[in-house]
Amino acid sequence: MRNFRKSSVPLSLFFCFFLYESSIAADKIRRGESLRDGPNHSPLVSPQKTFELGFFSPGSSTFRYLGIWYGNIEDKAVVWVANRATPILDKSGVLTISDNGNLVLLDGRNITVWSSNIESSNNNNNRIVTIHDSGNFVLSEIDTQRVIWESFNHPTDTFLPQMRVRVNSQTGDNLAFVSWKSENDPSPGNYTLGIDPTGAPEIVLWERNKTRKWRSGQWNSAIFTGIQNMSLLTNYLYGFKLSSPPDETGSVYFTYVPSDPSTLLRFKVLYNGTEEELRWNETLKKWTKFQSEPDTECDKYNRCGRFGICDMKGSNGICSCIKGYEPVSVGNWSRGCRRRTPLKCERNTSVEAVRGEDEFFTLKSVKLPDFETPEHNLVDPEDCKERCLNNCSCSAYSLVSGIGCMIWNQDLVDIQQFEAGGSSLHIRLADSEVGGKKKTKIAVIVAGVVGVVVLLGIFALLLWRFKRKKDVLGTFCCKNTDTSDDVVVNMTKSKETATAFSGSVDIMIEGKAVNTSELPVFCMKVIVAATKDFAKENELGRGGFGPVYKGVLEDGQEIAVKRLSGKSGQGVDEFKNEIILIAKLQHRNLVRLLGCCFEGEEKMLIYEYMPNKSLDFFLFDETKQALIDWKLRFAIIEGIARGLLYLHRDSRLRIIHRDLKVSNVLLDAEMNPKISDFGMARIFGGNQNEANTVRVVGTYGYMSPEYAMEGLFSVKSDVYSFGVLLLEIISGKRNTSLRSSEHGSLIGYAWYLYTHGRSEELVDPKIRITCNKREALRCIHVAMLCVQDSAAERPNMAAVLLMLESDTATLPVPKQPTFTSTRRNSIDVNFALDSSQQYIVSSNEITNTVVLGR
Ligand SMILES: *[C@@H]1O[C@H](CO)[C@@H](O)[C@H](O)[C@H]1NC(C)=O
Ligand SMILES: *[C@@H]1O[C@H](CO)[C@@H](O)[C@H](O)[C@H]1NC(C)=O
Ligand SMILES: *[C@@H]1O[C@H](CO)[C@@H](O)[C@H](O)[C@H]1NC(C)=O
Ligand SMILES: *[C@@H]1O[C@H](CO)[C@@H](O)[C@H](O)[C@H]1NC(C)=O
Ligand SMILES: *[C@@H]1O[C@H](CO)[C@@H](O)[C@H](O)[C@H]1NC(C)=O
Ligand SMILES: *[C@@H]1O[C@H](CO)[C@@H](O)[C@H](O)[C@H]1NC(C)=O
Ligand SMILES: *[C@@H]1O[C@H](CO)[C@@H](O)[C@H](O)[C@H]1NC(C)=O
Ligand SMILES: *[C@@H]1O[C@H](CO)[C@@H](O)[C@H](O)[C@H]1NC(C)=O
Ligand SMILES: *[C@@H]1O[C@H](CO)[C@@H](O)[C@H](O)[C@H]1NC(C)=O
């Protein structure tokens, strides 16, 4: 017995040692352990053996480097190198965690050749370094698991899935990939790949940090617009994503996750200045090149010089000048092109005859030029054009959904003609370049006559404006004078509001002082007169926040007055500031707020009047349904999407509507859709971005699952409502009209038709024959994506707009919406009527008030 025990001791020690050794060969190094190069060198291996970390010699070199390469495939491509510029000359390298907690690489003379270079702390003994299956090599604290350093934040020449390519648009700091010097030398080479954050972000390949060699084109939140074959389809394959909004340090990052996580995929900057996307093909046992940039001659940066355009299919060589420009030096494209006829603002009027306004010529399907200025607040084509015309240095503009208005205030460089796809660029030219010479002759003859007429017109306009200004002031202020003191006098009638309106309170919006007197304040008297004391026959409808009345001001202007009912939960000051902010939002698809009126308990908002009422007036009325044909319906859908995108992203307030529905879409005289009641949720519900709110404002049938059940709202809850709205517009049926049918709701019915390949039957029978089938089916597909249960899977409005407008896009496959059809009843049970036409929902121990629509 004793003997046996004695002999077993060395044996178990041996096992311990063996296990200990093999645990080193696993994936970690702890404090006091090390990874040694040498004849018996065995690298660290990640848990699934996807990646290994150890010492290697590249190509024909005999130098030793510490690096990371693929584990269980034949071609062990190196994806990261630690000591890229400081090779170890022999196999004496040792990787360990130093006394100060740094990861260090020592050579045979115990000299540090590479270090993670992080500051030491008092918790240095508690560190561990691990190679992960993502290829990330991470130094962290054992107990807190806090990451101290990671190789993904210090990339070399390879972009791996899940890596975050950071860029700081304020400091310009850019985490970039740097090529090797040669196949055998990993030291930093001549080429850098990174993100250029000036303008709309894009990927740029630089030579020696200075010269641009290639760029991806602007990111439109789904694809890089300058990569020819990057359609929506490949976008979903690629899974590229830009984080937004910027984090607290002002930086954003690009990342990508392949749709099939088992695909081995990498982007690499080669030493010769080519960027390649490589995928592992298990059948061929080879890395196959999926894409490489610059690919064609035209992909080379600025191949045809300033104002030149590169077309691989060009009839006289690949280079030419864009319309209205001529080569600076014939035969030498590096000198580019120059404008043939000066713009109106450039012309010397004392020499040349006065000619017409500059015009725009549209280049279709192009890679947009570099160095634009994005104007995210402008999505209206006319505003964008106007902005360009107002600056003499503007040479072109473009509108891209997902980016907005882009303006070029300098030379146009790196334009490429695509066969298909691409974007439209509107270049600014003198009128004679676009309209031809004939027009100008007539213009000269007509000029005299027109001049007189125009002068008269301007005079009349000035007179009218002057008069109108007086009139308007008259209606705002009960005393009919125009000093701001009178406003104060009027307002002091009510003690409560006196402080809120004492003169003009200046508030700050984005660092700019905004004068609150910009927002017209209407007197109660004026409103009472305009609406005939809120006469019943003037009532236009009743929304979630109170009745709406039509009114006519003294000068004949028609207005809509929303009489807000209930408590806002805010003080009058906050309330007013909120309204001023919202009054500043302007978009052709949003109803204009003209002013407000407060007196005592009364709070009213004054809007422009919409002669064609709301969409439900047409959509759900048997006699009027046929009036809105498919073309109009599609235009309405696009308009709503644009308005919503503006609220979500392009306006500075990031407004979540929270009550989007057919009756909140108003129609102007030309049947343009205008979203109303936006900002109401903000006025009433505070300004949380994505939050659990105590008060749920919304309309049954339009509420997303997470919102109705948990009170969670985000822009994606609006996307859900938009999806419902889409189905209603297409079908001409209310979402709730199918509640007692076997499908439970319009969504359920649409899903049934969609999965049975019968989506066409959803289209309103009144317009089915004449509708554009492709468009309608695409709209239904987009709607199905919008009403998915999981908010994360719903597209954002930028993507929705892109999908609606792109003819060629391949859309992702939607998941079945289960919420409306199966779980609805459980909510119904919890609804209870409250005195003020509001329903109380109890869930998660909070009481949510749900304002139901008509
Ligand atoms: C390097 O350091 C180790 C441990 O401190 C020591 O055993 C070894 O002798 C040193 N080697 C040289 C060449 O100084
Ligand atoms: C990098 O630039 C240097 C200096 O112009 C040149 O000598 C070298 O050949 C370039 N290397 C590569 C790989 O292009
Ligand atoms: C490029 O910039 C990086 C970081 O600023 C620098 O380390 C590197 O030496 C530069 N490369 C060249 C070729 O100038
Ligand atoms: C884009 O796709 C078309 C058709 O698949 C192909 O002919 C063309 O070469 C591709 N262009 C690029 C730049 O990859
Ligand atoms: C760079 O090297 C790759 C791979 O060897 C090759 O396919 C590519 O054509 C080269 N590019 C240039 C510009 O030489
Ligand atoms: C691998 O290559 C073969 C032969 O070219 C091809 O048929 C197959 O589709 C490829 N597999 C993948 C996953 O790309
Ligand atoms: C083309 O123009 C560039 C820039 O002006 C000049 O450096 C180059 O020598 C010219 N090339 C030829 C062939 O004239
Ligand atoms: C316009 O032309 C006249 C006559 O040639 C010249 O005197 C004047 O300086 C020019 N003005 C400008 C702004 O170039
Ligand atoms: C016109 O463009 C130039 C160049 O970008 C810019 O410096 C200037 O501020 C712009 N002017 C106006 C009025 O926007």
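Keep in mind that the numbers below use all heavy atoms, side chains included, and drop hydrogens, waters and symmetry copies. When a ligand or atom number is given, it counts from 1 through the structure's own listing order.
Less than 4.0 angstrom separates some heavy atom of Tyr271 from each of these atoms of ligand 2: 13 (C). Heavy-atom contacts of Leu284 reach the following atoms of ligand 6: 2 (O), 4 (C), 5 (O) (cutoff under 4.0 Å). Shown in contact with Arg208 at under 4.0 Å from a heavy atom are these atoms of ligand 2, numbered in order with element: 1 (C), 2 (O), 3 (C), 4 (C), 5 (O). If you number the atoms of ligand 2 from 1 as listed, the ones under 4.0 Å from a heavy atom of Lys181 come out as 13 (C). Listed by number with element, the atoms of ligand 2 under 4.0 Å from a non-hydrogen atom of Asn190 are 1 (C), 2 (O), 3 (C), 8 (C), 10 (C), 11 (N), 12 (C), 14 (O).
With a 6.0 Å cutoff to the six-membered ring centre and a 45° limit on the axis angle, Lys76 does not count as a cation-pi contact of Tyr70. Both tests pass for Lys268 against the ring of Trp180: distance under 6.0 Å to the centre and angle within 45° of the axis. Both tests hold for Arg266 against Trp287: distance to the six-membered ring centre under 6.0 Å, angle to the ring axis within 45°.
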Practice item. Let me see the working for Arg279 and Thr288 under side chain to side chain donor-acceptor pair (under 3.5 Å), right down to the final yes or no. Key: CA-CA 5 Å; Arg279 294 185 184 200; Thr288 52; over 6 Å; no
Practice item. Decide yes or no on side chain to side chain donor-acceptor pair (under 3.5 Å) for Tyr253 and Arg166, but give the supporting numbers first. Key: CA-CA 4 Å; Tyr253 61 82; Arg166 272 178 200 289; over 6 Å; no
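Backbone and side-chain nitrogen or oxygen atoms of Asn272 are examined, and none is located within less than 3.5 angstrom of a nitrogen or oxygen of ligand 2. When only interatomic distances are considered, the shortest N/O to N/O separation between Asn281 and ligand 6 falls below 3.5 Å.
Side-chain atoms of Asp107 do not come within 3.5 Å of backbone N or O of Leu89 as any donor-acceptor pair. A donor-acceptor pair is defined here as one N or O able to donate and one able to accept, closer than 3.5 Å; no such pair exists between the side chain of Trp114 and the backbone of Thr86.
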For ligand 7, which of its N or O atoms have a protein N or O partner closer than 3.5 Å, and how long is each gap?
residue: ligand 7; atom: 2 (O); partner: Asn332; partner atom: ND2; Å: 2.4
residue: ligand 7; atom: 2 (O); partner: Ser334; partner atom: OG; Å: 3.4
residue: ligand 7; atom: 11 (N); partner: Asn332; partner atom: ND2; Å: 2.7
residue: ligand 7; atom: 14 (O); partner: Asn332; partner atom: ND2; Å: 3.2

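Atom CZ of Phe360 sits in a crowded spot, with more than 12 heavy atoms from other residues, nucleotides or ligands closer than 6.0 Å.
His426 has its ring centre no less than 6.0 Å from the ring centre of Phe361.
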